[in-house]
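Since this is a predicted model, take the numbers as computed values, not measurements. Counting convention: from 1, in listed order, for ligands and their atoms alike.
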Amino acid sequence: MFDVLVKLKFYFKENKWQYLGSIIALAVSNIFAVIIPFIIGRFIDAIVTGEMNAAVLRTYSLQFAGLVIITYGLDFLWGYGLFAGAYKLQKEMRSKLMRHFLRMRAPYFEKFRTGDLMARGTQDIRALADTAGYGMLVLMSATGFTATLVIMMGLTVHWGLTFAAVIPMLPMAYVIKVKGAQVDEAYEIAQKSFSSVNDDVLEMIDGMRVIRAYVKEADFIDKFKEQTSGLLKKNNKVSEIAAIFAPTVKAFEGLSIMIALSYGAILVAQGTLSVGDIVAFQMYLGMMIWPIISVSELVLILRQGSASMRRVDEIRYATDELNFKGTIEAEQVDDFEFDEFTFKYSSSETINLDKIRLDLKKGKTLGIVGKTGSGKTTLIRQLLNQFPLGSGTFNMGSSAYSEYNDPSLRRLIGYVPQDHVLFSRSVRDNIAFGKKEATDEDILESIRMASFEEDLKNINRGLDTMIGEKGVSISGGQKQRISIARALIKDPDILILDDSLSAVDAKTEQTIIHNIQQVREGKTTIISTHRLSAVKEADEIIVLDNGAILERGTHDELIDKGGWYYDQFTKQEIKELTENEPLSSPDPYERRDD
Ligand SMILES: Nc1ncnc2c1ncn2[C@@H]1O[C@H](COP(=O)(O)OP(=O)(O)OP(=O)(O)O)[C@@H](O)[C@H]1O
């Protein structure tokens with residue numbers, strides 16, 4: 001349970017002065033707070049014994065007012081220190097997580113679902129901050145304040161009475177311990193369920209258009225109801241177990257008060273204690289309610305904090321298990337060589353790249369085609385270091401690809417993925433993302449190359465048009481072309497287009513490919529595509545089938561071969577021709593009245 005505080009040690013250390021100041025202010029405030037009942041006790045004794053007069057009244061009133069003012073100031077100091085510190089912890093933990101996410105590659109995000117990561121990054125980190133802020137407060141109250149009260153009760157009233165009143169708290173501590181473990185378990189189950197609901201909500205919002213198109217709203221509402229009811233049940237379970245804490249504490253506290261009153265009455269009758277002592281003692285017991293209840297809260301907060309810490313640590317220390325240890329700084333792209341290169345995804349039953357042999361000379365264009373699932377993206381992912389490198393030879397220049405430093409390789413690559421990712425920023429910012437110091441001229445030039453010029457004229461605010469979340473306010477083809485412009489502005493040593501022209505018409509595709517070829521003269525380009533006309537001009541085309549190279553050659557060589565490429569190309573040409581056939585073609589069945 002206390003492990004969470006140990007794990008947060010780094011944070012307490014970093015902010016030691018803030019925490020030390022808060023803890024000292026809280027401790028001093030607690031000491032002053034316990035002096036108040038003592039003064040009231042003496043005040044009552046002065047009334048009972050008839051010693052009260054104007055001077056005594058003034059002295060007690062001034063002492064009382066002084067204590068109230070001092071504790072007011074101290075309470076402000078520790079309150080600000082502890083709770084501002086908790087916000088700071090949230091900020092730091094979230095920044096740590098974000099830095100970790102940014103370093104992770106595909107296998108990590110396959111391991112954890114987005115909603116789960118979000119839940120841990122928000123709700124669990126909030127629980128940790130509660131532990132560092134409110135948790136520290138209750139820890140101090142439950143320990144320091146309780147101890148101060150017990151000492152004050154013993155020293156100023158009666159040790160025997162103090163121990164008699166404190167005895168019922170021991171079985172209470174045991175009940176709290178047992179129930180605390182159950183809360184821990186139930187809380188972790190509820191958090192898991194929250195992660196799963198979160199994930200499904202994200203997926204639902206993402207897929208809203210498909211859900212509506214298939215009129216599946218009712219199904220989703222039912223599913224969501226079922227999930228939230230499940231979550232509610234789990235949260236109720238936590239509340240149910242936690243609800244036992246407060247009544248348990250109150251029952252034992254009632255017992256304490258009863259013992260204090262009965263035994264106290266005997267001690268007053270024996271003349272050992274004064275009436276003022278009994279009043280002060282009852283006030284001390286009353287003041288003990290909060291620290292005693294806070295024992296139960298402390299258990300709850302520490303248990304929840306500890307479960308949340310485990311959940312946050314799990315995603316913080318999990319890695320993508322990709323160990324790229326290369327040290328050579330890749331300054332420019334060189335020739336690529338694959339020989340007997342084989343790769344299999346860890347979760348795949350079959351080989352995904354099978355004995356690939358390929359030479360891609362620097363400055364040349366490679367076309368990768370093949371039916372869906374044949375391994376086109378998988379081959380590209382090897383260049384992007386997104387998965388562990390396969391076995392066999394994979395060199396760039398005279399060194400193995402694995403010997404190069406990974407960030408230096410990524411700096412050379414311009415990549416346009418299949419699922420074009422745009423940010424909720426302006427068109428300008430989305431394109432300038434590819435080049436830090438891009439001017440508007442650079443941006444407009446890359447827009448021209450990506451054939452987005454006409455579209456830009458038609459969107460309301462030109463370069464300043466905001467693209468909604470994931471670019472929802474523009475069409476799929478427009479998104480693809482903005483993604484291409486973003487890659488082109490980088491003018492990368494190697495440009496990789498992974499089926500990035502699927503949503504544009506054949507004519508626009510030809511224009512873009514032509515522009516790319518012109519501007520990238522002497523630079524390496526890889527184009528993976530389903531539409532074979534996109535790779536017609538490539539220096540070499542490989543046809544993949546089940547991860548292996550089925551055919552290779554230039555467009556003309558592959559056409560001459562008469563294999564898969566020839567069949568596909570012919571089919572696509574016929575389709576293209578029929579789709580573009582003029583609508584005004586004569587109807588053969590039209591009656592002629594001649
Ligand atoms: N992360 C992954 N884990 C396990 N198997 C995968 C993974 N990604 C892809 N595969 C499998 O690897 C094979 C090749 O997939 P890949 O995405 O490379 O095909 P592709 O030729 O690019 O297909 P498409 O043209 O449809 O994009 C497929 O059988 C696919 O199911």
Does a donor on one side chain sit under 3.5 Å from an acceptor on the other, for [X] and [Y]?
X      : Y      : answer
Ser426 : Asp464 : no
Glu540 : Thr554 : no
Tyr345 : Thr378 : yes

Which of the atoms of ligand 1 are close to [X], meaning less than 4.0 Å from one of its heavy atoms?
X      : answer
Asn352 : 11 (C), 12 (O), 13 (C)
Arg381 : 8 (N)
His530 : 24 (P), 25 (O)
Gly375 : 14 (C), 18 (O), 19 (O), 20 (P), 21 (O)
Gly373 : 13 (C), 14 (C), 19 (O), 20 (P), 21 (O), 23 (O), 24 (P), 26 (O), 28 (C), 29 (O)
Ser347 : 3 (N), 4 (C)

> Among Tyr345, Phe109, Phe343, which residue places a heavy atom closest to atom 5 (N) of ligand 1?
Replying inline: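 Residue with the shortest heavy-atom distance to the ligand atom: Tyr345.
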> Can a protein heavy atom be found under 4.0 Å away from atom 28 (C) of ligand 1?
Replying inline: yes
> Do any non-hydrogen protein atoms sit less than 4.0 Å from atom 31 (O) of ligand 1?
Replying inline: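 Under the 4.0 Å cut-off, atom 31 (O) of ligand 1 has no protein heavy-atom neighbours at all.
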> Between atom CG of Asn546 and atom CG of Asp354, what is the distance when rounded to the nearest 0.5 Å?
Replying inline: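 Rounded to the nearest 0.5 Å, the CG-CG separation comes to 8.5 Å.
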> To the nearest 0.5 Å, how far apart are CD in Gln480 and CD in Glu509?
Replying inline: 10.0 Å
> For ligand 1, which part of Ser374 has a heavy atom less than 4.0 Å away: the side chain, the backbone, both, or neither?
Replying inline: both
> Counting heavy atoms only, which part of Thr378 comes closer than 4.0 Å to ligand 1: side chain, backbone, both or neither?
Replying inline: both
> Can we call the ring centroids of His100 and Tyr108 under 6.0 Å apart?
Replying inline: yes
>> Can you tell me how the ring of Phe394 sits relative to the ring of Phe336, calling it parallel under 30°, perpendicular over 60° and tilted otherwise?
In response: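 The rings of Phe394 and Phe336 sit tilted, inter-plane angle from 30° to 60°.
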>> Counting C-beta onward and ignoring hydrogens, is there a side-chain heavy-atom pair between Ile368 and Ile526 closer than 4.5 Å?
In response: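 Counting from C-beta outward, Ile368 and Ile526 do come under 4.5 Å.
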